Amino acid sequence: MAGGSKLAIYGAIAANTLIAISKFVASFFTGSSAMLAEGIHSLIDTGNGLLLLLGLKKAKKPADHEHPFGYGKEIYFWSFVVSILIFSLGGGFAIYEGIHALEDPSVIEDPTWNYWVLAAAIVFEGASLIIAVKTFKKSNPKGKLLQNIIKSKDPANFAVIIEDTAAVIGLFIALIGIFLSQQLNNPYLDGISSLLIGVLLLGVATFLAKETKGLLLGESARPEVIEGIESILSNNKDIKKWNFPKTMHLGADNILVVIEVDIKEDIDLLTAEKSIQTMRQQIKGKYPKINQVFIQTTNKLNLEQAIGRTAGDL
């Protein structure tokens, strides 16, 4: 999945870099505030892609004494930083530029530059969006795209989809604003389109922040994973009952599982030990993303005996 995420990010960085340069050139020659806002938007998206790559790199660091469960949540942190940058710099600047354009409107005399740049940008951003969506669907083949994004634990991938979607919508807003401003000879429409782009970015940033915040706080595994774990527990003849499995994503491909089980009293300690080890292997075998499984018994006698013989295993 990490390789797929990187492919989508590299595609977005390449597209946004070229588009940002083109937008700034067009803004310089035409004086369009909407185009300037879009240029800043693309520049921020380029920086965001670099931050996501940084997060993916840091997330691969091995566990140590200070972080015994690893650094998988680094990607969640940097994705949250991305949402803050979109909100503060992208949305904030676009709104500021829109207000400035409304206070001091100027007519765009020749929008040809803008039209060519916006058309090219829509093609490049659209291509980047298609790559990101295809990459995301490879790991989420079933269900609707938006629902899978909300349930996804891989912000490095869905952040690109969200950013590119906002970019395409923003481009059409800028295109319509510039066109109407020229056709109606109304310079205020260019400033209004910049304001709309700012509002769009604020909304996108809020959505992305909400999703990454949940991951930072420790979201559980998907319901189907928990149901699968309970199915393994229910098929174990040595288990009387169990508490609801506690799960938490420590990264996109790293899940922690803690389970309390009540073992039948009529089995010996060796059988209980083998049964617990079998459950651990079955859970990891069925769900490769589960890297750590902690199973403890609620039976006082079994727990006291097992600690003496398999302290590292329970």
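Residue numbers start at 1 and run along the sequence shown. Computed over heavy atoms, backbone and side chain alike; hydrogens, waters and symmetry mates excluded. These figures come from a predicted structure and were not determined experimentally.
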Note, Leu145 side chain near Phe136 side chain (heavy atom, < 4.5 Å): yes
Salt bridge (Lys or Arg N to Asp or Glu O under 4.0 Å) pairs, two or more places apart, involving residues 122-147: none
Criterion side chain to side chain contact (heavy atoms under 4.5 Å, CB included) on Phe294 and Leu256, from CA distance to verdict: CA-CA 8 Å; Phe294 295 90; Leu256 168 69; 3.4 Å; yes
Sidechain-backbone polar pair: Lys241 side chain, Ile263 backbone, donor-acceptor under 3.5 Å: no
Heavy-atom side-chain proximity of Leu201 to Ile95 below 4.5 angstrom: no
Side chain proximity check, Ile131 to Tyr10, heavy atoms < 4.5 angstrom: no
Single-linkage hydrophobic cluster Ile176~Ile122, side-chain heavy atoms < 4.5 angstrom: yes
Spatial distance of atom CD1 (Ile84) from atom CG (Leu208) [nearest 0.5 Å]: 10.0 Å
Least distance between heavy atoms, Lys153 atom then Tyr76 atom: O-OH, 3.1 Å
Reported CG-to-CD1 distance for the pair Leu51 and Ile9, which is rounded to 0.5 angstrom: 10.5 Å
For the student: nearest non-hydrogen atoms of Pro155 and Thr212, plus distance: CB-CG2, 4.1 Å
Atom pair CG (Leu180) and CG (Asp190), whose distance is rounded to the nearest 0.5 Å: 11.0 Å
Heavy-atom closest contact (Ser194 atom, Ala94 atom, distance): OG-O, 2.8 Å
hydrophobic_cluster_shared for Phe24 and Ile19, side chain cutoff 4.5 Å: no
Evaluation steps, side chain to side chain contact (heavy atoms under 4.5 Å, CB included), between Ile259 and Ile283: CA-CA 11 Å; Ile259 311 171; Ile283 292 171; 3.8 Å; yes
Audit row: Ile295, Met279, side chain to side chain contact (heavy atoms under 4.5 Å, CB included) steps and yes/no: CA-CA 9 Å; Ile295 302 175; Met279 282 189 294; 4.1 Å; yes
Check against side chain to side chain contact (heavy atoms under 4.5 Å, CB included), Val257 and Ile255: CA-CA 7 Å; Val257 178; Ile255 302 175; 4.2 Å; yes
Side-chain donor or acceptor of Ser83 paired with backbone N/O of Phe80 under 3.5 Å: yes
Any donor-acceptor pair under 3.5 Å from His67 side chain to Phe69 backbone: no
Parallel, tilted or perpendicular, as decided by the 30° and 60° cut-offs, for the rings of Phe93 and Tyr96: tilted
Within-4.5 Å side-chain heavy-atom neighbours: Val82 and Ile44: no
Spacing of OG1 belonging to Thr17 relative to CG belonging to Leu43, to within rounding of 0.5 Å: 8.5 Å
Pairs involving residues 65-74, ordered by first then second residue, that meet salt bridge (Lys or Arg N to Asp or Glu O under 4.0 Å) (sequence neighbours left out): none
Leu50 side chain reached by Leu54 side chain, heavy atoms, under 4.5 Å: no
Pairwise salt bridge (Lys or Arg N to Asp or Glu O under 4.0 Å) hits with a residue in residues 9-23, at least two apart: Lys23-Glu38
Plane angle bin for Phe179 and Tyr115 - parallel if under 30°, tilted between 30 and 60°, otherwise perpendicular: tilted
Residue list, side-chain contact (heavy atoms from CB on, under 4.5 Å) with Leu102, at least two apart or on another chain: Tyr188, Ile192, Leu195
Considering all heavy atoms, the nearest Gln292-Leu250 contact: NE2-CD1, 3.8 Å
Separation of Ile40 CD1 from Ile197 CD1 (nearest 0.5 Å): 12.0 Å
Side-chain heavy atoms of Asn48 within contact of Ile13, under 4.5 Å: no
Salt bridge (charged side-chain N to carboxylate O under 4.0 Å, His left out) partners for Glu224, two or more places apart: Arg222
Within 45° cone and under 6.0 Å: Lys61 NZ/CZ vs Tyr71 ring: yes
Minimum side-chain heavy-atom gap Leu189-Leu184 below 4.5 Å: yes
Spatial distance of atom CG (Leu146) from atom NZ (Lys151) [nearest 0.5 Å]: 11.0 Å
Closest heavy-atom pair and its distance - Gly72, Ile75: O-CG2, 3.3 Å
Connected via hydrophobic side-chain network under 4.5 Å: Ile162 and Val168: yes
Evaluation steps, side chain to side chain donor-acceptor pair (under 3.5 Å), between Asn186 and Ser181: CA-CA 5 Å; Asn186 185 346; Ser181 176; over 6 Å; no
Shared hydrophobic cluster for Met248 and Ile226 (ILVMFWY, side-chain gaps under 4.5 Å): no
Salt-bridge contact Lys240-Glu265 (side-chain N to carboxylate O under 4.0 Å): yes
Asp238: side-chain contact (heavy atoms from CB on, under 4.5 Å) partners, not counting sequence neighbours: Asn236, Ile267, Thr271, Ser275
Test item: Thr165 and Leu129 side chains (from C-beta on) under 4.5 Å apart, heavy atoms: yes
Atom of Leu52, atom of Ala159 and distance for their closest heavy-atom approach: CD1-CB, 4.1 Å
Connected via hydrophobic side-chain network under 4.5 Å: Ile161 and Phe124: no
